[in-house]
Protein chains: 2
Amino acid sequence: MTLTNNSKRRKELVSIAARLFCEQGYERTTVRMLADAMGIKSGSLFHHFNDKQEILCAVIQDGMESALEIADQALEGEADPKRRFMALAKAHLSTLLNDRNAHVVALYEWRSLTDSSLGVLIDMRDRYEQLWQQVIDDCAAVGLLHGDQPLIRRFALGALNWTVQWYDAGGEKTPDDLAQALGELIGLS
Amino acid sequence: MTLTNNSKRRKELVSIAARLFCEQGYERTTVRMLADAMGIKSGSLFHHFNDKQEILCAVIQDGMESALEIADQALEGEADPKRRFMALAKAHLSTLLNDRNAHVVALYEWRSLTDSSLGVLIDMRDRYEQLWQQVIDDCAAVGLLHGDQPLIRRFALGALNWTVQWYDAGGEKTPDDLAQALGELIGLS
DNA sequence: CCAAAAACCAAGCAAGCGCTAGATTTAATA
DNA sequence: TATTAAATCTAGCGCTTGCTTGGTTTTTGG
């Protein structure tokens with residue numbers, strides 16, 4: 001048993017756990033359900049993770065890492081404030097809806113984390129929000145947005161995160177369409 | 001033991017349950033914790049409710065009922081589309097943040113409901129969303145809002161519901177301030 | 001003031017929970 | 001092929017869970 005193992009097998013297991021946690025919630029998902037879905041016995045799970053809560057932490061961490069990566073990537077080489085906002089919004093919806101399981105878990109199950117796990121994740125969340133804040137501040141600086149800027153960030157992220165509640169991946173709208181619509185709604189089209 | 005009892009005592013118990021469910025989540029809250037907080041023994045709980053899940057259902061139902069009441073009340077006698085939108089937004093934030101426990105539970109714990117409980121609650125949610133849709137459609141009809149109208153409803157409700165994640169009741173901003181800010185953000189100030 | 005109903009308690013059951021320990025199999029390395 | 005390490009299984013422990021049962025206290029209404 002190793003600590004914070006990053007093997008490929010572990011990544012697979014985390015992805016399966018994300019699906020179950022997303023579908024039924026962390027607390028309702030038992031280690032036996034997880035093990036079944038992974039094709040192993042429940043005891044074997046604890047070779048890869050020290051305890052159940054560490055699986056939850058891994059799910060959320062994986063989701064946040066990819067969100068940060070994609071956001072950084074989207075902003076790279078983009079200078080115009082309006083285009084930066086749209087790029088960030090598109091990136092956000094893209095991860096949120098493609099890597100949906102992990103993000104639903106991150107949004108809904110963080111209360112089940114212990115304080116020690118929370119520390120790392122809060123840092124990542126803060127970095128991510130700061131990315132957004134910077135982009136919104138830049139828009140405000142050139143007169144594209146008006147009003148309390150942290151509040152705008154919260155409204156925007158709220159609107160975007162809520163999409164996991166209703167978005168139908170089989171529908172006609174793409175994540176980019178949604179980002180476009182949000183831009184238009186707040187006068188940034 | 002009665003079915004769907006509506007006694008005053010039951011209302012108290014539901015309100016206490018709302019607090020615990022909000023603080024720690026439904027699944028992590030045991031019937032013993034509930035009973036302790038209510039000042040009774042765990043067995044006595046099942047005199048008022050048939051099972052634990054019925055408590056959750058009651059919490060959410062109470063929250064939705066008061067939300068619907070307050071929304072109806074806010075729209076009464078208001079004709080101007082823009083003013084109707086603002087009234088609805090203010091009403092929404094007012095219930096959401098005053099009756100916070102129940103609404104956090106409604107937003108975060110509905111997955112723990114059984115199908116039979118879900119039916120009633122989904123009806124109420126649909127009625128509530130239709131209220132919003134009508135107001136937004138009216139705004140669009142007079143040219144105050146542009147774009148996909150159901151999408152606007154979802155963005156708006158997402159932004160508003162997300163406030164439970166960060167709003168500080170002891171802060172300087174009132175729910176009405178927030179509604180005002182949202183109105184300005186989408187060009188409805 | 002007394003009977004009926006409502007609210008509650010004491011005790012505990014059966015099932016399921018997270019997790020552990022030790023043995024065994026599979027895979028990697030030299 | 002021999003040695004080691006990683007991954008899995010078997011079996012189950014100790015505890016908590018939601019809930020039940022049968023009896024007691026409290027409240028209510030005529």
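A quick note: this is a predicted structure, and the numbers were derived from the prediction, not measured. Lettering follows sequence order; numbering is per chain, from 1.
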Rounded to the Å, how far apart are [X] [atom1] and [N] [atom2]?
X	N	atom1	atom2	answer
A:Asp36	C:dG16	CG	C1'	14 Å
A:Phe46	D:dA11	CZ	P	19 Å
A:Gln53	C:dG18	CD	P	13 Å
A:Glu54	C:dG18	CD	C1'	14 Å
A:Leu45	C:dA21	CG	P	17 Å
A:Leu56	C:dG18	CG	P	13 Å
A:Arg9	C:dA28	CZ	P	13 Å
B:Asp51	D:dT17	CG	C1'	14 Å

**Prompt:** Tell me, which of residues 24-35 of chain A have any heavy atom that sits under 4.0 Å from an atom in DNA chain C?
**Reply:**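 Heavy-atom contacts with DNA chain C come from A:Thr29, A:Thr30, A:Val31, A:Arg32.
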
**Message:** How about CZ on B:Arg111, more than 12 heavy atoms from neighbouring residues, nucleotides or ligands closer than 6.0 Å, or not?
**Reply:**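 Count over threshold, so yes.
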
**Request:** Count the heavy atoms of every other residue, nucleotide or ligand shown that sit under 6.0 Å from CD of B:Gln130, and state whether that count exceeds 12.
**Result:** no

**Message:** What I'd like to find out is whether the side chain of A:Ile186 reaches to under 4.5 Å of the side chain of A:Phe155, using heavy atoms alone.
**Reply:** no

**Prompt:** So, for B:Ser42 and B:Arg32, which heavy atoms are closest and what is the spacing to 0.1 Å?
**Reply:** CB-CG, 3.8 Å

**Request:** Could you tell me which non-hydrogen atom of A:Pro175 sits nearest to which non-hydrogen atom of A:Ser94, and how far apart they are?
**Result:** CB-N, 4.3 Å

Can you tell me if the side-chain N/O atoms of [X] get under 4.0 Å from OP1 or OP2 in [N]?
X	N	result
B:Ser44	C:dA7	no
A:His48	D:dT8	yes
A:His47	D:dT8	no

**Passing candidate, side chain to side chain donor-acceptor pair (under 3.5 Å) with A:Glu12, options A:Lys8, A:Arg10, A:Arg9** =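 Answer to the side chain to side chain donor-acceptor pair (under 3.5 Å) test with A:Glu12 among A:Lys8, A:Arg10, A:Arg9: A:Arg9.
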
**Request:** Output yes when a side-chain donor or acceptor of B:Asp80 lies under 3.5 Å from a complementary backbone atom of B:Arg83, and no otherwise.
**Result:** yes

**Request:** Could you tell me whether A:Lys41 contacts a base, only the sugar-phosphate backbone, or nothing, with contacts defined as non-hydrogen atoms closer than 4.0 Å?
**Result:**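 Base contact.
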
